[in-house]
Amino acid sequence: MSLLKVEDISVYYGDIRALWGVSFSVEQGNTVALIGANGAGKTTTLKAICGLLPLSDGRIIYKNQNIANMPVHQVVEQGITLIPEGRQIFPKMTVEENLLVGSYLRRAKAKRSKNLARVYELFPRLAERRKQVAETLSGGEQQMLAVGRGLMQDPDLIMLDEPSLGLAPVIVHEVFSVIKELARTGLTVLLVEQNVHQTLKIADYCYVIERGKVVKGGHSKDLEEDSAVREAYLGF
Amino acid sequence: AYGDEGRNYFKVGVITSLSGDLATGGNVTKRGYDLWAQEVNRLGGIEIDGKKYPVKLVYADAQSEPSAGASAAERLATQEKVDFILGPYSSGVTLACAPVLEKYKIPMITGSAESPIIWKQKFRYTFGTIPPVNYTGSTPMKTLASLTPPPKTAIILGSNDAFSKATAEAFKASAEALGIKILKYDIVPQGQDLTPYMAVAKATRPDIIAFGGHDEELINLVKALRQINYTPKALLMHYGVTEPAFVEALGKDAEGVFGATVWTSTIPTHGEVLWPDAKSYAEAALKAFNVPADYTQAGSSAAGIAFQVALAQIKATPPLSPEEREALVEALEKINIRTFYGTVNFATEGQYYHANVGLTPLTVQIQNGHTAIVGPPEYAESPAIYPMKPWNQR
Amino acid sequence: MLQLLPQAIVDGILIGGIYITVAIGFSLAYGVMHVIDFAVGEWIMLGAFMGFYLNRWLGLEPILLFPVIFLSFFVVGLWIQPLIHRVLSGRRGNPVLMGLVFTFGLALMIRGIALTVFGFYSHSIPSSLAQGSLFFQVGPIFVTIPLIRLTGLGYAVLVTMGLYYILHRTDFGLAVRALAQHKEAAGLMGVNARRTGGHVYGLYTGISATTGALIGCIFSISAQMGPDYTIFAFFVVVLAGMGYLPGVPWAAFLLGFVQSFFLIYLSPSYTMLAVFAALYLILLISPKGIFGKGV
Amino acid sequence: MGRKFYASISVVVLLFLVVPLVVHDTFYLRVITEAIMWIGLAVTWDVLAGYTGYLNFGHGAFFGIGAYTTAILMVHKGWPFFAASIAGGAMAGLGALIAGIPTLRLRGAYFAIATWALARAIQQLALILDITGGPDGMRLPPFLQPGFFFYVMGGTVLIIFIVFWYLFEVHPFGLKVKAIRENEDGAMAMGLNPARIKIKVFIISAVPTGIIGGIYAYWITYIDPSSTLGDLVTDQAVVMAVFGGLGTLIGPAIGALIISTFKTYFWAYLSDYQVLYLIILGGLIALSVVFMPDGLWGTVYGKIQNARLAGSKEKR
Amino acid sequence: MGHPVLNVQSVTMAFGGLRAVDDVSFDVKPGEIVGLIGPNGAGKTTLFNVISGYLKPTQGRIFFHGDDITGKPPYDLAKIGIGRTFQIVKPFAGLSVLENVMVAVLLKHPSKKNAEANAHAVLEFTGLLDKAHMPASSLTLPGRKRLEIAKALALEPSLLLLDEVMAGLNPTEVKETTGLIQQVRDRGVTVLLIEHNMRVIMSLSHRVIVLNYGEKIAEGSPKEVAENPLVIKAYLGEEMAV
Ligand SMILES: Nc1ncnc2c1ncn2[C@@H]1O[C@H](COP(=O)(O)OP(=O)(O)OP(=O)(O)O)[C@@H](O)[C@H]1O
Ligand SMILES: Nc1ncnc2c1ncn2[C@@H]1O[C@H](COP(=O)(O)OP(=O)(O)OP(=O)(O)O)[C@@H](O)[C@H]1O
Ligand SMILES: [Mg+2]
Ligand SMILES: [Mg+2]
């Protein structure tokens with residue numbers, strides 16, 4: 001049964017329509033990727049799921065419950081976490097404080113120390129820098145912090161919006177191995193990436209979004225073979 | 001001839017600051033004008049040649065702003081076509097209204113603008129029932145100088161607004177003339193916290209602390225002295241102490257503070273028109289507004305009386321023609337009548353041109369929660385309490 | 001003249017103490033919600049009048065009334081905040097300006113209502129603490145410390161430490177700081193921006209109102225007193241760096257010192273000029289407050 | 001748009017010329033003159049706020065500098081009015097230059113409060129100096145011709161409006177200014193010198209304000225620190241501009257007209273309810289910000305645009 | 001002429017104790033595309049900020065066509081032909097895409113009519129023409145990056161500094177943009193390019209400079225650099241090594 005089912009959602013920015021009835025579903029325990037050209041509506045979709053943007057139409061079924069237009073702080077309380085585009089860490093707080101904010105949720109508060117240990121284990125670099133002010137971290141470290149902060153929320157579904165953006169190749173590699181590791185521990189992952197090559201390698205399932213609509217969906221391996229996808233998104 | 005033909009009442013313009021920074025005082029003047037109008041109308045109106053003409057007040061708010069004051073004057077003169085005007089609370093607004101009224105030749109008496117600068121301008125159509133502070137400010141110093149042991153030193157302060165600064169200057173001039181040594185003289189910004197100043201000044205142990213300022217500043221100064229626990233022999237302020245708010249806010253701490261005024265509800269005056277004496281006026285005022293009358297309100301009512309008397313003298317009936325208004329000015333210049341407020345007699349030359357110089361300035365002191373006249377001797381109700389009782393022995 | 005120095009310093013600190021509580025809640029509200037609240041002086045005024053009437057009816061020492069005043073205005077703040085939230089999260093326009101104009105309108109309204117209800121006259125809150133002072137003298141050197149102002153300083157220290165504790169030692173504080181630094185990300189962390197903002201605003205109105213009651217013991221109060229304190233709140237907060245709480249006490253003391261030194265050593269006429277000039281100069285040298293840490 | 005613009009300007013000019021012929025009542029003439037003055041002040045404030053994003057909370061200081069310069073030159077130096085008021089504008093411009101070089105480095109709320117502090121400092125200075133008469137203020141030779149002041153004030157504001165329109169809406173200068181408002185760093189990379197352009201706008205905003213101040217001084221015949229250098233001038237200009245709609249020239253003008261008229265009438269005929277005025281004005285401001293964040297003009301204009309868009313969509 | 005377009009001599013940029021750029025020197029010759037790579041926080045953007053006048057170097061000099069431009073403000077540099085984009089994009093959000101570009105065009109074409117025509121041409125070249133009348137705020141991040149390029153090009157610069165303009169583009173879009181940059185170079189513009197996408201760096205640049213902790217650790221042809229063990233360790237990672 002699907003953990004998340006997005007049904008025919010539409011979103012407007014003022015008068016401009018960004019999503020035209022997007023539908024897809026994410027199975028428990030899977031890693032699912034959304035790919036598409038820039039401006040296709042991937043970020044918009046993730047934000048809409050979180051309640052950061054109001055839906056004009058459609059339903060979002062999560063754990064058999066419609067969470068469409070639920071305020072964001074309640075959505076995350078249900079176990080959905082978004083690692084936003086551009087990291088959005090709290091610049092003046094220390095690394096550890098950033099992580100602690102992650103466990104502000106009621107669902108995560110009790111597991112605070114356990115999760116903290118887990119994050120530090122996953123990202124030893126963050127452990128080294130726990131007292132450092134977040135804004136002085138390098139881009140890669142900030143990305144780790146953002147992921148770590150998301151994990152502190154003890155999510156069931158983690159959504160990542162272009163986590164490799166602007167990172168050095170060596171770090172990009174690290175980020176992807178972290179995502180693989182997360183999936184291995186049983187977390188459900190919804191990933192938006194422009195690094196389509198690597199994404200298709202780690203995702204079980206993939207949807208293609210074009211101009212605010214899902215135009216294709218399938219197993220990653222199948223899509224990798226699909227000539228239209230290869231031409232549009234892989235540069236072949 | 002002029003205005004609404006056949007009008008059988010006097011149309012009286014009232015310009016005052018009902019809002020803005022000076023609304024407190026503006027409302028006091030309004031009460032004074034209102035009370036006069038009520039009283040006149042209760043008696044059937046102003047009697048001219050045996051016939052009575054009621055008065056009707058038309059208000060215009062100057063919002064404590066000169067430009068609004070000028071607009072108000074313009075409206076009263078051209079739209080309302082008033083016969084004469086009861087004037088604004090503050091000197092700033094008065095200075096902006098006066099030229100407009102000069103142009104339209106409409107006489108105005110203000111009951112409260114007490115800054116000396118107005119009278120230096122020598123406006124022909126502008127009069128004032130309240131003498132300027134430089135006229136009244138010397139009396140309390142004289143009273144203080146006559147006490148035993150005579151005070152020898154003083155600190156004199158003024159807040160930096162037109163009225164308060166003139167007050168401080170007047171205090172200073174008379175102190176110098178009386179040979180009191182001035183230890184410090186300063187004009188301070190409005191609203192300034194004076195505690196540090198006083199904490200240091202207290203080391204020089206001045207006999208007199210004299211301060212020109214507005215009500216909240218006066219209260220602040222007393223509280224500051226109380227807090228640093230310094231009691232000068234005499235604490236002198238100006239009109240502010242006669243305001244009920246002063247005693248109400250300070251309670252025991254207001255006791256013994258000196259002030260100056262030209263009118264209190266206990267002053268022995270004899271009125272020929274309307275109220276026979278200060279006491280009956282005070283009672284009428286309390287009845288009408290449930291607020292005790294002060295000198296500003298009294299001066300404002302007296303402004304109405306001055307008009308009333310001058311009109312009766314020239315036998316002008318409403319609406320007033322330009323010639324009649326001219327005659328009214330001439331009559332006002334000659335007027336010399338006794339009222340509940342004191343004698344009204346406008347100067348016709350010199351620095352007090354058109355200000356009322358018929359009054360005797362008074363020295364007052366807060367005694368048992370009331371304003372008691374303590375000088376000059378011929379008016380004194382009770383002896384001055386001097387030196388002031390230390391704060392913590394009250 | 002040197003013997004006046006201790007007094008000048010003490011006075012600077014005591015004046016500063018009052019400014020701390022005038023400004024600290026305001027700084028907090030700015031830091032979290034980015035609202036320049038023109039009504040800060042009006043909250044102070046309302047608190048002062050609440051203190052005045054409660055004292056008159058109950059005869060209690062004003063300090064004892066602080067909890068009641070704080071709670072009442074905390075609730076008022078909770079009430080007002082959604083409107084401000086709405087104004088500030090408007091999609092278009094300049095939110096800083098919009099917040100400023102909104103609260104400007106709010107301030108006018110409050111003042112108008114207060115004038116109607118309380119009248120124009122000045123009042124004072126009697127307090128037994130306002131009746132005495134500590135006096136020290138060593139040779140020619142002397143210092144007077146009014147008790148009520150010392151109380152004010154004590155209250156300022158208490159409020160400052162209390163706020164520090166809340167912000168840095170509680171989860172609520174964590175949420176508040178997160179909200180201040182990145183609103184959207186804070187939402188993603190489960191921080192309810194409206195509710196948390198409401199509590200912050202409530203803290204601010206509560207602190208300001210109790211400060212008003214304190215001011216009523218030291219100075220006179222009137223329905224028109226608000227803008228005078230708004231000015232000083234702005235002043236301190238800008239000097240401190242807007243929204244930078246640790247800067248507030250120092251900025252407040254600096255302001256206190258400028259005043260006490262000008263009053264005591266230089267010409268009192270120039271006190272206000274000096275205060276404004278100081279603000280201007282400091283902003284030029286360090287555009288984000290004396291510590292350069294404003295937002 | 002060009003033709004429409006000239007047509008509307010001609011209509012305004014015509015209206016303006018005939019007003020005194022129709023309005024004989026000097027009180028109304030005064031009220032209209034004052035409304036025009038506020039239009040001028042709101043618009044001059046808005047060119048800085050709306051077009052560069054800098055909220056000048058010391059705008060009134062330029063007004064006051066103009067007023068005092070005019071008064072001092074006329075009273076102490078015997079200058080004729082026109083020369084004196086232009087000198088008032090020049091002094092205000094000079095003030096903007098001196099004040100702007102350092103303050104325009106500040107951003108957001110800091111600039112707002114720094115300019116406000118500066119204005120307060122200037123007010124304190126006027127209270128202390130001798131040449132300004134201190135708290136007593138200054139009186140100018142009365143010249144009480146409402147028609148004259150109507151034409152002078154109206155003409156000045158009309159010229160200001162046309163010049164601003166050209167500079168900010170027609171000439172590329174306006175685009176550059178907006179670019180700086182949107183992103184200063186980005187604008188620098190485009191070859192724009194933000195400091196210089198901002199100073200220019202600051203001066204452009206100050207000079208006419210000073211001239212208006214000069215006209216005011218001669219018109220009202222009396223100035224003092226609280227009425228010309230207080231917060232009132234700035235506060236009202238801000239409120240009018242925001243109420244009307246920032247970042248346009250028409251919005252503030254409309255805002256000024258409505259609020260100034262409301263105010264005058266309220267005072268003139270309802271002054272018994274004076275305190276109510278504060279409550280009504282305050283409420284009006286607060287509500288307008290909540291429900292019309294783009295201001296009156298922005299909201300109405302937006303509605304019209306939307307209606308037009310909807311209309312054209314339907315046609316397709 | 002013999003002068004390199006850009007000559008960076010021992011430039012150091014320190015923030016307090018942190019030397020974000022540490023004694024870096026290099027040349028860029030006319031018509032070259034030079035890649036600048038290095039780990040996050042290596043100082044690449046900081047170096048751009050120094051070259052384009054946003055930061056005054058703590059030490060060192062910078063020459064542009066042989067003239068010392070050290071410490072000159074950005075707007076003067078824009079006038080003499082240095083165009084740049086920002087990693088953190090800086091669009092004029094409230095203006096339309098066309099107006100954004102017009103602001104830049106005005107530098108060389110001060111009349112409004114000319115400017116509009118030129119801006120259209122630039123938008124067409126960069127593929128933004130269909131968005132010309134949309135507000136810049138409605139563009140997505142990659143759209144904004146493209147707008148950055150358009151604005152920088154509109155200055156008609158002789159040296160173009162591009163800071164991660166490909167970040168966030170998918171491989172196909174990267175390919176398009178790569179083509180665009182090649183065309184720019186063919187028009188005679190010299191390009192200095194920061195990019196984390198090694199595919200791009202390898203295919204576009206004639207020469208690559210590598211920074212690490214502010215220091216230049218390698219310089220050479222793409223191939224040389226990619227094989228340099230220091231670069232592999234600090235930047236590429238073993239898996240990426242070619
Ligand atoms: N704040 C906004 N205002 C108006 N339009 C917007 C806004 N944000 C996004 N859009 C529009 O919505 C559409 C979808 O944008 P979205 O950010 O979801 O794209 P994306 O697929 O995440 O692209 P990218 O790869 O560029 O991140 C785009 O056409 C964009 O122009
Ligand atoms: N204004 C500044 N003040 C203090 N430190 C700064 C400043 N600007 C940059 N730094 C620091 O200088 C270092 C270099 O930063 P820079 O932005 O140049 O890195 P970069 O190479 O562009 O990295 P990335 O690839 O992540 O964009 C970083 O550690 C950064 O935190
Ligand atoms: Mg996106
Ligand atoms: Mg960078």
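Below, read A as the first sequence line, B as the second, and so on, with proteins coming before strands; counting in each chain starts at 1. Both backbone and side-chain heavy atoms feed into the values below; hydrogens, waters and symmetry mates do not. None of the values given here were measured: they were computed from a predicted structure.
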Under 4.5 Å from a heavy atom of chain C, the part of D:Ile113 involved: both
Engaged part of C:Phe102 at the chain D interface, taking heavy atoms whose separation is under 4.5 Å: both
Contact listing (chain C partner; residues 283-292 of chain D; heavy atom under 4.5 Å): D:Gly283, D:Ile285, D:Ala286, D:Val289, D:Val290, D:Phe291
Residue part contacting chain C, namely of D:Thr115, when any heavy atom lies under 4.5 Å: neither
Best-contacting candidate, C:Ile282, C:Leu279, C:Leu100, C:Ile231, against chain D by heavy atom pairs under 4.5 angstrom: C:Ile231
Backbone of C:Gly226 reached by a side-chain donor or acceptor of C:Thr230 within 3.5 Å: yes
Polar side-chain atom of C:Thr196 near backbone of C:Val176 as donor-acceptor pair, under 3.5 Å: no
Heavy-atom proximity to chain C below 4.5 Å, by part of D:Ala99: both
Segment of D:Leu125 engaging chain C (4.5 angstrom heavy-atom cut-off): both
Centroid-centroid under 6.0 Å between C:Tyr201 and C:Tyr204 rings: yes
May I have the list of side-chain donor-acceptor pairs in residues 228-245 of chain D shorter than 3.5 Å, sequence neighbours left out?
{"residue": "D:Thr228", "atom": "OG1", "partner": "D:Asp224", "partner atom": "O", "Å": "2.9"}
{"residue": "D:Asp231", "atom": "OD2", "partner": "D:Arg120", "partner atom": "NH2", "Å": "2.6"}
{"residue": "D:Thr234", "atom": "OG1", "partner": "D:Gly60", "partner atom": "N", "Å": "2.8"}

Segment of C:Ile36 engaging chain D (4.5 angstrom heavy-atom cut-off): side chain
Polar side-chain atom of D:Thr44 near backbone of D:Leu41 as donor-acceptor pair, under 3.5 Å: yes
Option that, when pairs with chain D are counted at under 4.5 Å, heavy atom only, ranks first among C:Ile110, C:Leu108, C:Val237: C:Leu108
Parallel, tilted or perpendicular: rings of D:Phe111 and D:Tyr54 (30°, 60°): perpendicular
Mutual orientation of the aromatic rings belonging to D:Phe168 and D:Phe164 [parallel < 30°, tilted 30-60°, perpendicular > 60°]: perpendicular
Ring centres under 6.0 angstrom apart (D:Phe202, D:Phe62): yes
